[in-house]
K.L.:
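One structure follows; several queries about it will come next.
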Amino acid sequence: MPLLTLASACAVLAGCGTPYLMQAASGEWHVLHEREPIDKVIEDPHTSAAVREHLEQVRTAREFASRELGLPDNDSYRSYADIGRQYVVWNVVAAPEFSLVPKRWCFPVAGCVAYRGYFHERSARDFALGLEAQGFDVAIDGVPAYSTLGKFADPVLSSMLRYGDDDLAATIFHELAHQLLYVRDDSEFNEAFATTVEEVGLERWLAHQGAASRMQAFRTAQQQEQALVSLLAATHLGLSELYGMPLPRATMALRKAETFTRLAGEIRALERREGGSVPLYEEWIAQGLNNARLASVATYFECVPGFRRLLQEQGGDLPGFYAAARKLSELPRAERHAQLCSANAAARR
(Lines give C-alpha, C1' and ligand atoms only; values in the text may rest on other atoms or scores of the structure.)
Protein backbone atom coordinates (compact mmCIF):
# COMPACT_ATOMS: atom_id res chain seq x y z
CA MET A 1 0.00 0.00 0.00
CA PRO A 2 1.19 3.55 -0.65
CA LEU A 3 1.38 5.77 2.42
CA LEU A 4 -0.50 8.40 0.39
CA THR A 5 3.00 9.93 0.07
CA LEU A 6 1.85 12.53 2.58
CA ALA A 7 5.30 13.14 3.92
CA SER A 8 6.40 13.59 0.32
CA ALA A 9 3.61 16.09 -0.15
CA CYS A 10 4.88 18.09 2.81
CA ALA A 11 8.29 18.19 1.18
CA VAL A 12 6.98 19.74 -2.02
CA LEU A 13 4.42 22.08 -0.47
CA ALA A 14 5.20 25.26 1.43
CA GLY A 15 4.41 23.39 4.64
CA CYS A 16 2.10 20.87 6.30
CA GLY A 17 -1.17 22.72 6.59
CA THR A 18 -3.19 20.25 8.65
CA PRO A 19 -2.60 18.11 11.75
CA TYR A 20 -3.09 15.04 9.59
CA LEU A 21 -0.30 16.00 7.20
CA MET A 22 1.87 16.92 10.17
CA GLN A 23 1.45 13.50 11.79
CA ALA A 24 2.24 11.83 8.47
CA ALA A 25 5.39 13.90 7.98
CA SER A 26 6.49 13.28 11.57
CA GLY A 27 5.82 9.55 11.31
CA GLU A 28 7.73 9.27 8.06
CA TRP A 29 10.66 11.23 9.49
CA HIS A 30 10.91 8.82 12.44
CA VAL A 31 10.88 5.80 10.12
CA LEU A 32 13.60 7.27 7.92
CA HIS A 33 15.62 8.32 10.98
CA GLU A 34 15.82 4.68 12.12
CA ARG A 35 17.23 3.36 8.83
CA GLU A 36 20.53 1.50 8.72
CA PRO A 37 22.03 -0.27 5.70
CA ILE A 38 21.09 -3.95 5.76
CA ASP A 39 24.71 -4.99 5.26
CA LYS A 40 25.67 -3.03 8.38
CA VAL A 41 22.86 -4.57 10.44
CA ILE A 42 23.84 -8.09 9.34
CA GLU A 43 27.48 -7.50 10.27
CA ASP A 44 26.62 -5.97 13.65
CA PRO A 45 27.44 -8.57 16.38
CA HIS A 46 24.52 -7.23 18.46
CA THR A 47 21.98 -8.18 15.78
CA SER A 48 19.98 -11.23 16.80
CA ALA A 49 20.38 -14.42 14.79
CA ALA A 50 16.70 -14.32 13.79
CA VAL A 51 16.88 -10.76 12.43
CA ARG A 52 20.17 -11.53 10.67
CA GLU A 53 18.64 -14.56 8.92
CA HIS A 54 15.59 -12.58 7.82
CA LEU A 55 17.72 -9.76 6.44
CA GLU A 56 19.98 -12.15 4.55
CA GLN A 57 16.85 -13.46 2.82
CA VAL A 58 15.70 -9.90 2.20
CA ARG A 59 18.99 -9.01 0.57
CA THR A 60 18.71 -11.95 -1.82
CA ALA A 61 15.03 -11.33 -2.58
CA ARG A 62 15.70 -7.65 -3.19
CA GLU A 63 18.32 -8.45 -5.82
CA PHE A 64 15.93 -10.97 -7.39
CA ALA A 65 13.19 -8.33 -7.55
CA SER A 66 15.22 -6.06 -9.81
CA ARG A 67 17.18 -8.69 -11.72
CA GLU A 68 14.40 -11.18 -12.47
CA LEU A 69 11.13 -9.29 -11.95
CA GLY A 70 12.12 -5.98 -13.54
CA LEU A 71 11.18 -3.99 -10.45
CA PRO A 72 12.92 -0.68 -9.62
CA ASP A 73 16.63 -1.01 -8.87
CA ASN A 74 16.99 1.73 -6.29
CA ASP A 75 17.80 2.15 -2.60
CA SER A 76 14.39 1.03 -1.33
CA TYR A 77 14.43 -2.09 0.89
CA ARG A 78 18.21 -2.04 1.13
CA SER A 79 18.07 -0.60 4.63
CA TYR A 80 16.39 -1.71 7.86
CA ALA A 81 14.45 0.22 10.52
CA ASP A 82 13.48 -1.18 13.89
CA ILE A 83 10.30 0.79 14.65
CA GLY A 84 9.52 -0.97 17.93
CA ARG A 85 5.85 -1.69 17.27
CA GLN A 86 3.67 -4.31 15.60
CA TYR A 87 2.47 -2.12 12.72
CA VAL A 88 3.89 0.95 11.05
CA VAL A 89 0.53 2.57 10.24
CA TRP A 90 -3.16 1.94 10.84
CA ASN A 91 -5.51 2.36 7.89
CA VAL A 92 -9.07 3.60 8.26
CA VAL A 93 -11.60 2.66 5.57
CA ALA A 94 -15.16 4.00 5.61
CA ALA A 95 -18.31 3.39 3.57
CA PRO A 96 -21.84 4.78 3.90
CA GLU A 97 -24.46 2.79 5.80
CA PHE A 98 -26.09 1.51 2.62
CA SER A 99 -23.29 1.64 0.07
CA LEU A 100 -20.15 -0.36 -0.75
CA VAL A 101 -18.38 2.54 -2.44
CA PRO A 102 -15.62 3.60 -0.01
CA LYS A 103 -15.16 7.16 1.08
CA ARG A 104 -12.13 8.72 -0.59
CA TRP A 105 -9.65 11.27 0.67
CA CYS A 106 -7.61 13.41 -1.69
CA PHE A 107 -4.04 14.62 -1.18
CA PRO A 108 -1.26 16.28 -3.14
CA VAL A 109 1.00 13.86 -5.06
CA ALA A 110 -0.96 10.70 -4.20
CA GLY A 111 -4.35 11.87 -5.46
CA CYS A 112 -7.56 10.35 -4.08
CA VAL A 113 -7.37 7.07 -2.18
CA ALA A 114 -9.85 4.78 -0.44
CA TYR A 115 -8.19 4.78 2.97
CA ARG A 116 -6.54 7.12 5.43
CA GLY A 117 -3.39 6.06 7.28
CA TYR A 118 -2.17 7.04 10.75
CA PHE A 119 1.18 6.37 12.42
CA HIS A 120 -0.52 6.14 15.82
CA GLU A 121 -3.29 3.63 16.48
CA ARG A 122 -5.09 5.93 18.92
CA SER A 123 -5.32 8.63 16.26
CA ALA A 124 -6.74 6.14 13.76
CA ARG A 125 -9.35 4.96 16.25
CA ASP A 126 -10.32 8.50 17.21
CA PHE A 127 -10.78 9.38 13.55
CA ALA A 128 -12.83 6.21 13.03
CA LEU A 129 -15.09 7.12 15.95
CA GLY A 130 -15.81 10.46 14.29
CA LEU A 131 -16.77 8.72 11.05
CA GLU A 132 -19.00 6.27 12.90
CA ALA A 133 -20.76 9.20 14.57
CA GLN A 134 -21.54 10.47 11.07
CA GLY A 135 -23.17 7.13 10.20
CA PHE A 136 -20.34 5.49 8.27
CA ASP A 137 -19.37 1.83 8.53
CA VAL A 138 -15.67 1.77 9.45
CA ALA A 139 -12.82 -0.76 9.35
CA ILE A 140 -9.38 -0.31 10.92
CA ASP A 141 -6.37 -2.42 9.95
CA GLY A 142 -2.78 -2.40 11.12
CA VAL A 143 -0.35 -2.34 8.19
CA PRO A 144 3.22 -3.73 8.39
CA ALA A 145 4.61 -1.91 5.34
CA TYR A 146 3.97 0.89 2.88
CA SER A 147 5.51 2.60 -0.11
CA THR A 148 6.36 6.26 -0.58
CA LEU A 149 6.23 5.55 -4.33
CA GLY A 150 9.95 6.09 -4.70
CA LYS A 151 9.95 9.54 -3.10
CA PHE A 152 12.19 8.15 -0.36
CA ALA A 153 14.34 5.03 0.01
CA ASP A 154 11.82 2.90 1.89
CA PRO A 155 13.41 0.60 4.49
CA VAL A 156 12.51 -2.93 5.48
CA LEU A 157 10.65 -2.48 8.75
CA SER A 158 10.80 -4.63 11.87
CA SER A 159 7.00 -4.92 11.54
CA MET A 160 7.53 -6.83 8.29
CA LEU A 161 9.73 -9.56 9.78
CA ARG A 162 7.14 -11.44 11.85
CA TYR A 163 5.35 -12.83 8.80
CA GLY A 164 8.12 -15.15 7.62
CA ASP A 165 10.61 -14.91 4.78
CA ASP A 166 8.23 -15.73 1.93
CA ASP A 167 5.63 -13.19 3.02
CA LEU A 168 8.44 -10.71 3.53
CA ALA A 169 9.66 -11.21 -0.04
CA ALA A 170 6.08 -10.92 -1.32
CA THR A 171 5.62 -7.64 0.56
CA ILE A 172 8.78 -6.20 -0.98
CA PHE A 173 7.61 -7.22 -4.47
CA HIS A 174 4.21 -5.61 -3.78
CA GLU A 175 5.61 -2.31 -2.54
CA LEU A 176 8.17 -2.07 -5.35
CA ALA A 177 5.34 -2.63 -7.83
CA HIS A 178 3.74 0.57 -6.52
CA GLN A 179 6.97 2.38 -7.37
CA LEU A 180 6.90 0.92 -10.87
CA LEU A 181 3.31 1.95 -11.68
CA TYR A 182 0.93 4.13 -9.70
CA VAL A 183 -2.19 5.83 -11.03
CA ARG A 184 -3.61 8.85 -9.25
CA ASP A 185 -7.16 8.47 -7.94
CA ASP A 186 -7.44 4.71 -8.54
CA SER A 187 -6.72 2.59 -5.46
CA GLU A 188 -8.36 -0.48 -7.00
CA PHE A 189 -6.07 -0.43 -10.04
CA ASN A 190 -2.95 0.23 -7.97
CA GLU A 191 -3.55 -2.43 -5.33
CA ALA A 192 -4.65 -5.11 -7.80
CA PHE A 193 -1.61 -4.46 -10.01
CA ALA A 194 0.73 -4.70 -7.01
CA THR A 195 -1.05 -7.82 -5.71
CA THR A 196 -0.64 -9.52 -9.09
CA VAL A 197 3.07 -8.65 -9.19
CA GLU A 198 3.38 -9.93 -5.62
CA GLU A 199 1.77 -13.27 -6.56
CA VAL A 200 3.80 -13.94 -9.69
CA GLY A 201 6.95 -12.60 -8.03
CA LEU A 202 6.65 -14.94 -5.06
CA GLU A 203 5.89 -17.90 -7.30
CA ARG A 204 9.02 -17.23 -9.36
CA TRP A 205 11.07 -16.55 -6.24
CA LEU A 206 10.14 -19.93 -4.77
CA ALA A 207 10.83 -21.68 -8.07
CA HIS A 208 14.21 -19.94 -8.25
CA GLN A 209 15.03 -21.26 -4.78
CA GLY A 210 13.83 -24.75 -5.62
CA ALA A 211 11.57 -24.66 -2.57
CA ALA A 212 9.03 -27.34 -3.48
CA SER A 213 7.44 -27.61 -0.03
CA ARG A 214 7.14 -23.84 0.31
CA MET A 215 5.67 -23.69 -3.19
CA GLN A 216 2.98 -26.15 -2.12
CA ALA A 217 2.26 -24.05 0.97
CA PHE A 218 2.00 -21.00 -1.28
CA ARG A 219 -0.48 -22.79 -3.56
CA THR A 220 -2.58 -23.85 -0.58
CA ALA A 221 -2.60 -20.35 0.85
CA GLN A 222 -3.61 -18.98 -2.56
CA GLN A 223 -6.55 -21.38 -2.72
CA GLN A 224 -7.67 -20.47 0.80
CA GLU A 225 -7.40 -16.77 0.07
CA GLN A 226 -9.36 -17.18 -3.16
CA ALA A 227 -12.10 -19.07 -1.31
CA LEU A 228 -12.48 -16.17 1.12
CA VAL A 229 -12.31 -13.52 -1.62
CA SER A 230 -14.99 -15.36 -3.62
CA LEU A 231 -17.20 -15.54 -0.54
CA LEU A 232 -16.78 -11.83 0.14
CA ALA A 233 -17.34 -10.99 -3.53
CA ALA A 234 -20.64 -12.89 -3.54
CA THR A 235 -21.73 -11.00 -0.42
CA HIS A 236 -20.58 -7.75 -2.04
CA LEU A 237 -22.75 -8.46 -5.08
CA GLY A 238 -25.77 -9.38 -2.98
CA LEU A 239 -25.52 -6.24 -0.88
CA SER A 240 -25.03 -4.06 -3.96
CA GLU A 241 -28.33 -5.37 -5.26
CA LEU A 242 -29.99 -4.88 -1.86
CA TYR A 243 -28.79 -1.28 -1.54
CA GLY A 244 -30.25 -0.51 -4.96
CA MET A 245 -33.77 -1.53 -3.89
CA PRO A 246 -36.40 1.06 -2.89
CA LEU A 247 -36.88 -0.36 0.62
CA PRO A 248 -37.76 1.38 3.89
CA ARG A 249 -34.68 2.17 5.97
CA ALA A 250 -35.63 -0.24 8.76
CA THR A 251 -36.13 -3.10 6.30
CA MET A 252 -32.84 -2.31 4.59
CA ALA A 253 -30.99 -2.25 7.93
CA LEU A 254 -32.52 -5.58 8.99
CA ARG A 255 -31.59 -7.32 5.74
CA LYS A 256 -28.09 -5.85 5.90
CA ALA A 257 -27.63 -7.22 9.43
CA GLU A 258 -28.93 -10.63 8.35
CA THR A 259 -26.46 -10.65 5.44
CA PHE A 260 -23.45 -9.97 7.66
CA THR A 261 -24.59 -12.53 10.25
CA ARG A 262 -24.82 -15.08 7.47
CA LEU A 263 -21.39 -14.05 6.16
CA ALA A 264 -19.83 -14.58 9.60
CA GLY A 265 -21.27 -18.10 9.64
CA GLU A 266 -19.97 -18.81 6.16
CA ILE A 267 -16.49 -17.59 7.11
CA ARG A 268 -16.47 -19.89 10.13
CA ALA A 269 -17.62 -22.78 7.93
CA LEU A 270 -14.71 -21.97 5.62
CA GLU A 271 -12.35 -22.03 8.60
CA ARG A 272 -13.62 -25.47 9.60
CA ARG A 273 -13.00 -26.76 6.08
CA GLU A 274 -9.47 -25.39 6.32
CA GLY A 275 -8.94 -27.23 9.61
CA GLY A 276 -9.07 -24.51 12.24
CA SER A 277 -9.69 -20.86 12.99
CA VAL A 278 -7.79 -18.15 11.12
CA PRO A 279 -6.76 -15.23 13.38
CA LEU A 280 -7.38 -12.62 10.67
CA TYR A 281 -10.89 -13.90 9.93
CA GLU A 282 -11.71 -14.01 13.64
CA GLU A 283 -10.43 -10.46 14.07
CA TRP A 284 -12.70 -9.25 11.29
CA ILE A 285 -15.72 -10.98 12.82
CA ALA A 286 -14.89 -9.64 16.29
CA GLN A 287 -14.58 -6.09 14.93
CA GLY A 288 -17.92 -6.46 13.15
CA LEU A 289 -18.26 -7.26 9.46
CA ASN A 290 -19.60 -4.28 7.56
CA ASN A 291 -19.59 -2.33 4.31
CA ALA A 292 -16.15 -0.86 4.98
CA ARG A 293 -14.60 -4.33 5.37
CA LEU A 294 -16.07 -5.48 2.05
CA ALA A 295 -14.97 -2.26 0.37
CA SER A 296 -11.44 -2.71 1.73
CA VAL A 297 -11.13 -6.25 0.38
CA ALA A 298 -12.58 -5.17 -2.97
CA THR A 299 -9.96 -2.43 -3.25
CA TYR A 300 -7.18 -5.04 -3.19
CA PHE A 301 -8.75 -7.95 -5.07
CA GLU A 302 -11.61 -6.82 -7.32
CA CYS A 303 -9.40 -6.12 -10.32
CA VAL A 304 -6.87 -8.94 -9.76
CA PRO A 305 -8.55 -11.42 -12.16
CA GLY A 306 -8.26 -8.84 -14.93
CA PHE A 307 -4.56 -8.35 -14.27
CA ARG A 308 -4.03 -12.11 -14.21
CA ARG A 309 -5.68 -12.33 -17.64
CA LEU A 310 -3.48 -9.50 -18.85
CA LEU A 311 -0.38 -11.39 -17.71
CA GLN A 312 -1.57 -14.53 -19.47
CA GLU A 313 -2.16 -12.54 -22.66
CA GLN A 314 1.50 -11.52 -22.50
CA GLY A 315 2.58 -15.15 -22.16
CA GLY A 316 3.80 -14.54 -18.61
CA ASP A 317 6.35 -11.98 -19.84
CA LEU A 318 6.67 -9.39 -17.09
CA PRO A 319 8.07 -6.50 -19.19
CA GLY A 320 5.19 -7.03 -21.64
CA PHE A 321 2.75 -7.16 -18.73
CA TYR A 322 4.11 -3.93 -17.26
CA ALA A 323 3.84 -2.20 -20.65
CA ALA A 324 0.26 -3.41 -21.14
CA ALA A 325 -0.70 -2.30 -17.62
CA ARG A 326 0.87 1.10 -18.23
CA LYS A 327 -1.10 1.44 -21.44
CA LEU A 328 -4.33 0.66 -19.56
CA SER A 329 -3.38 3.19 -16.90
CA GLU A 330 -3.53 5.91 -19.54
CA LEU A 331 -7.23 5.23 -20.22
CA PRO A 332 -10.02 7.02 -18.36
CA ARG A 333 -10.80 5.32 -15.06
CA ALA A 334 -14.19 3.96 -16.14
CA GLU A 335 -12.72 2.50 -19.32
CA ARG A 336 -9.82 0.70 -17.67
CA HIS A 337 -12.13 -0.65 -14.95
CA ALA A 338 -14.50 -1.95 -17.62
CA GLN A 339 -11.58 -3.86 -19.17
CA LEU A 340 -9.98 -5.12 -15.94
CA CYS A 341 -12.52 -5.41 -13.17
CA SER A 342 -15.67 -7.40 -12.54
CA ALA A 343 -18.87 -6.54 -14.35
CA ASN A 344 -20.28 -5.53 -11.00
CA ALA A 345 -17.40 -3.13 -10.38
CA ALA A 346 -17.67 -1.62 -13.84
CA ALA A 347 -21.40 -1.08 -13.35
CA ARG A 348 -20.91 0.67 -10.01
CA ARG A 349 -18.36 3.05 -11.42
Side-chain angles (χ1 to χ4, degrees), residues 90-106 112-116 124-141 185-188 191-192 225-274 277-306 333-334 337-338 340-349:
W90 284 262
N91 270 358
V92 178
V93 177
E97 182 181 15
F98 299 127
S99 172
L100 292 165
V101 178
K103 179 177 175 60
R104 296 178 186 274
W105 290 273
C106 299
C112 299
V113 294
Y115 41 77
R116 185 152 153 147
R125 296 198 178 279
D126 288 345
F127 181 67
L129 286 173
L131 290 168
E132 288 175 344
Q134 298 174 48
F136 285 95
D137 284 11
V138 178
I140 304 172
D141 287 304
D185 306 336
D186 199 340
S187 298
E188 292 84 356
E191 296 302 342
E225 180 182 83
Q226 187 54 55
L228 176 65
V229 170
S230 297
L231 179 59
L232 297 178
T235 304
H236 196 292
L237 178 60
L239 282 173
S240 294
E241 294 172 351
L242 172 64
Y243 295 155
M245 295 179 182
L247 297 175
R249 185 184 181 285
T251 302
M252 185 83 76
L254 176 61
R255 292 183 60 178
K256 172 187 174 182
E258 291 173 343
T259 298
F260 281 116
T261 298
R262 184 168 57 253
L263 176 60
E266 290 170 337
I267 290 175
R268 290 219 161 100
L270 177 61
E271 288 181 303
R272 289 193 294 273
R273 291 196 298 272
E274 292 175 353
S277 65
V278 179
L280 178 60
Y281 302 175
E282 291 301 315
E283 181 180 339
W284 287 359
I285 293 171
Q287 289 178 355
L289 296 167
N290 59 23
N291 294 338
R293 174 61 57 206
L294 290 184
S296 179
V297 172
T299 295
Y300 277 79
F301 292 101
E302 199 166 50
C303 302
V304 168
R333 176 188 168 92
H337 276 245
L340 280 172
C341 308
S342 70
N344 182 46
R348 284 203 318 279
R349 291 178 176 81

K.L.:
Checking Thr299 side chain against Ala295 main chain: does a donor-acceptor pair fall under 3.5 Å?
P.N.:
yes
K.L.:
When rounded to the nearest 0.5 angstrom, what is the spacing between CD in Gln287 and CZ in Arg293?
P.N.:
5.5 Å
K.L.:
Are Trp284 and Leu232 side-chain neighbours, meaning at least one heavy-atom pair lies under 4.5 Å?
P.N.:
yes
K.L.:
Please report the shortest heavy-atom distance between Tyr243 and Glu97, naming the atom on each side.
P.N.:
OH-O, 3.9 Å
K.L.:
What's the spacing between Leu289 CG and Tyr281 OH if we round to 0.5 Å?
P.N.:
12.5 Å
K.L.:
Work out which heavy atom in Cys303 is nearest to a heavy atom in Glu188; give both atom names and the distance.
P.N.:
SG-CB, 4.1 Å
K.L.:
For Val138, run the side-chain contact (heavy atoms from CB on, under 4.5 Å) check against Asn291, Val93, Val92, Leu129 and tell me which one passes.
P.N.:
Val92
K.L.:
When rounded to the nearest 0.5 angstrom, what is the spacing between CE in Met252 and CG in Leu242?
P.N.:
5.0 Å
K.L.:
Quick check: closest heavy atoms across Pro96 and Phe136, and the distance to 0.1 Å?
P.N.:
N-CD2, 3.7 Å
K.L.:
State, with a plain yes or no, whether a side-chain heavy atom of Trp105 is found less than 4.5 Å away from one of Cys112.
P.N.:
no
K.L.:
Just how far is it from atom CD1 of Ile285 to atom CD of Glu271, taken to the nearest 0.5 Å?
P.N.:
5.5 Å
K.L.:
What's the spacing between Tyr115 OH and Arg104 CZ if we round to 0.5 Å?
P.N.:
10.0 Å
K.L.:
May I ask you to say whether Glu241 pairs ionically with Arg255, meaning some side-chain N is under 4.0 Å from a carboxylate O?
P.N.:
no
K.L.:
Could you tell me whether the side chain of Leu263 reaches within less than 4.5 Å of the side chain of Leu294, counting heavy atoms only?
P.N.:
yes
K.L.:
So how far is it from Ile267 CD1 to Phe260 CZ, rounded to the nearest 0.5 Å?
P.N.:
10.0 Å
K.L.:
Could you pull out the closest heavy-atom pair between Thr235 and Glu266, with the gap in Å?
P.N.:
OG1-OE1, 4.4 Å
K.L.:
Is there a donor-acceptor pair under 3.5 Å between the side chain of Asn290 and the backbone N or O of Ala139?
P.N.:
no
K.L.:
Compare every heavy atom of Ala124 with every heavy atom of Ile140, then report the nearest pair and how far apart it is.
P.N.:
CD1-O, 4.3 Å
K.L.:
With heavy-atom distances below 4.5 Å as the criterion, would you say the side chains of Lys103 and Leu131 are in contact?
P.N.:
yes
